[in-house]
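Below: one structure, written as structure tokens.
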Number of protein chains: 4
Amino acid sequence: MAKTVNKVILLGNVGKDPEIRATAGGSFVASFSLATTDRSKDQSGNWTDRTEWHNLVAFQRTAEIIRDYVKKGSKLYVEGKIQTRSWDDKTTGEKKYRTEIIVNDIALLSGRGEGGEGGGYSSGSSYGGSSNYNRGGASSYDQRGPGGADDLVSSTEITDDDIPF
Amino acid sequence: MAKTVNKVILLGNVGKDPEIRATAGGSFVASFSLATTDRSKDQSGNWTDRTEWHNLVAFQRTAEIIRDYVKKGSKLYVEGKIQTRSWDDKTTGEKKYRTEIIVNDIALLSGRGEGGEGGGYSSGSSYGGSSNYNRGGASSYDQRGPGGADDLVSSTEITDDDIPF
Amino acid sequence: MAKTVNKVILLGNVGKDPEIRATAGGSFVASFSLATTDRSKDQSGNWTDRTEWHNLVAFQRTAEIIRDYVKKGSKLYVEGKIQTRSWDDKTTGEKKYRTEIIVNDIALLSGRGEGGEGGGYSSGSSYGGSSNYNRGGASSYDQRGPGGADDLVSSTEITDDDIPF
Amino acid sequence: MAKTVNKVILLGNVGKDPEIRATAGGSFVASFSLATTDRSKDQSGNWTDRTEWHNLVAFQRTAEIIRDYVKKGSKLYVEGKIQTRSWDDKTTGEKKYRTEIIVNDIALLSGRGEGGEGGGYSSGSSYGGSSNYNRGGASSYDQRGPGGADDLVSSTEITDDDIPF
DNA sequence: TTTT
DNA sequence: TTTT
């Protein structure tokens, strides 16, 4: 039973390709930004748009789905909670804050091919970074057994059945 | 019609008496903090609580209701949206950020008398600050006509009809 | 200020082309169904999908947007509230209930061309029904002045600027 | 990952003491109604209140908390989803529908002693029905070991430590 | 059937 | 800085 509630619902577009890190324990963390746009009237009575950028962080299975299917421009529905981390800046000694949305669940609203100028869902390219992972890799969410991700890359035609959710 | 969604739902307790400011135009702004508590398992598998402090800002009529009925300890349901303001620190020149919840609607969950060690809903005390307002003052939400706030303070018994919502 | 909260958030697909009715006062009402799908484990531990059909009702400007841009298959984000109407069945005398979602806001998640086997967003066809209106007509939400909807139909290439939201 | 969203947020008052049933497997089901009130303007421009009654159903641990702590008049925050069951009426043969909110989580907003004219949280009374359970009974959520519910009833003073959440 |  |  909840004693308090801290709930966020966002629907917007991803600003850049997500950054994926692996933890020592082999789990994944995805970080990315999401833009929402508010239309409101200014003092002069004119409608103006204000874009809000949210810092999102996702873990584990959700991070893997993001790694594999979310890229710059993707339209996403997100449920999560607000969390603010604070630390003391090493140089200035100042208290610093960063507010992030801890993602609980997402719904992908961009079809394949939509949502970004980059490659498709399985680009096969690799950054080569040590703890930087790339979409298109095998996901623990993919439970099709041997063949898994390779099939995803090599199949001549990708059907809906190839998408593991 | 919305193109994007930026929605926050919070239920928690107010950390301090809200700060109320008046704008040049005679409108009100209420600023206050709200605590939510998350229970999660740490690495050792023990349940630990983490308290999250949210910075809330409310305007106009909602600010007046907050001025009049919300105080330290009040339990509150809040709907709003996330907004991050940024500015350049004058001394260090650094970019600074502050994330706030812009309040759209609230529901007061503390009965009168609950939610704080301080006085009741109409303390009658005054800070004397130039643009700092105190609960118990006349509210534009109070539409009882002449007598308004004074009656609220002087009446021997406050009934439900005295609460303007 | 709210005393209670009755809030619904849905994201799903429209089951049929919406029905549009006009009120005596010249306002519009849109009725349509929206499907959401729940994945849960049955008694045997197998994942099963259950589709839930929601009856949605929208009014005024939102109804017009739905008339003009929503059709069978459209993916939609909806905010609203739950409302149950009841009446006595004329033949059996029984009390009957119908629960509907009163739509407050929507976000269209299907691009143009997506979301339905039917015509595009501006079919130009007409049912001819007395109080049955068709997408593609001039909308009070369309504020492009003279030319409005006709341009929408006749233009050789529809750009984003043609979509009035 | 979600493909669709079906989410309900309610904050209101419980209409009657919840009904608790036990399943053959020893699990619990709680059924109760919750009222929300909408204030809207009627045709004449007057504010009118409309009370909406929601049928809620909770399972397992949540059902036990409801059994033990929720009663007529309790103020409750609820998260859940909409579900409509249908069946064929045995006598008339008609299709019948009942829309219910399947409860995922609750937050109790009535303090002990608040929210109902009836007894306290541990009335100790029993209906005697075979599959009808009463608040105050032993809960699997209560992990105080031997003594459990009896202690709850017989203790001269109930402290916060007696509440298992 | 609740609540204020 | 809240609350239980």
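Everything numeric in this text was worked out from a predicted model, so none of it was measured. First the proteins, then the strands, lettered A, B, ... as listed; each starts at 1.
Evaluation of atom-type donor-acceptor distances gives a pair under 3.5 Å for the side chain of B/T51 against the base of F/dT2.
Per the geometry, CE belonging to A/M1 stands 12 Å off C1' belonging to F/dT3, to the nearest Å. Between the CZ atom of B/F32 and the P atom of F/dT1 there is a distance of 19 Å, rounded to whole Å. For the pair B/L76 CG and F/dT3 P, the computed distance is 13 Å after rounding to whole Å. In this structure, the NZ atom of D/K71 is 20 Å from the P atom of E/dT1, given to the nearest Å. Residue B/L109 contributes atom CG, which lies 12 Å from atom P of E/dT4 at whole-angstrom precision. The CD1-C1' distance, from B/I66 to F/dT2, rounds to 16 Å in whole Å.
For B/K16, the side-chain atoms get nearest to F/dT1 when compared with the rest of E/dT1, F/dT1, E/dT3. Ranking F/dT1, E/dT1, F/dT4 by closeness to the D/K72 side chain, first place goes to E/dT1. With F/dT4, F/dT2, E/dT1 as the choices, the nucleotide that has an atom nearest any side-chain atom of A/K3 turns out to be F/dT4. With distances taken from any side-chain atom of B/W53 to the nucleotides F/dT3, E/dT2, F/dT1, the minimum falls on F/dT1.
Cation-pi geometry between B/R85 and B/Y97 is not met: the NZ or CZ atom fails to fall both under 6.0 Å from the ring centre and inside 45° of the normal.
Taking the salt bridge (Lys or Arg N to Asp or Glu O under 4.0 Å) definition, one finds that B/D89 meets it with B/K96, sequence neighbours left out.
In this structure, the side chains of B/T99 and B/I82 come closer than 4.5 Å at one or more pairs of heavy atoms.
Considering CD1 of B/I106 and OH of B/Y77, their distance stands at 11.5 Å, rounded to 0.5 Å.
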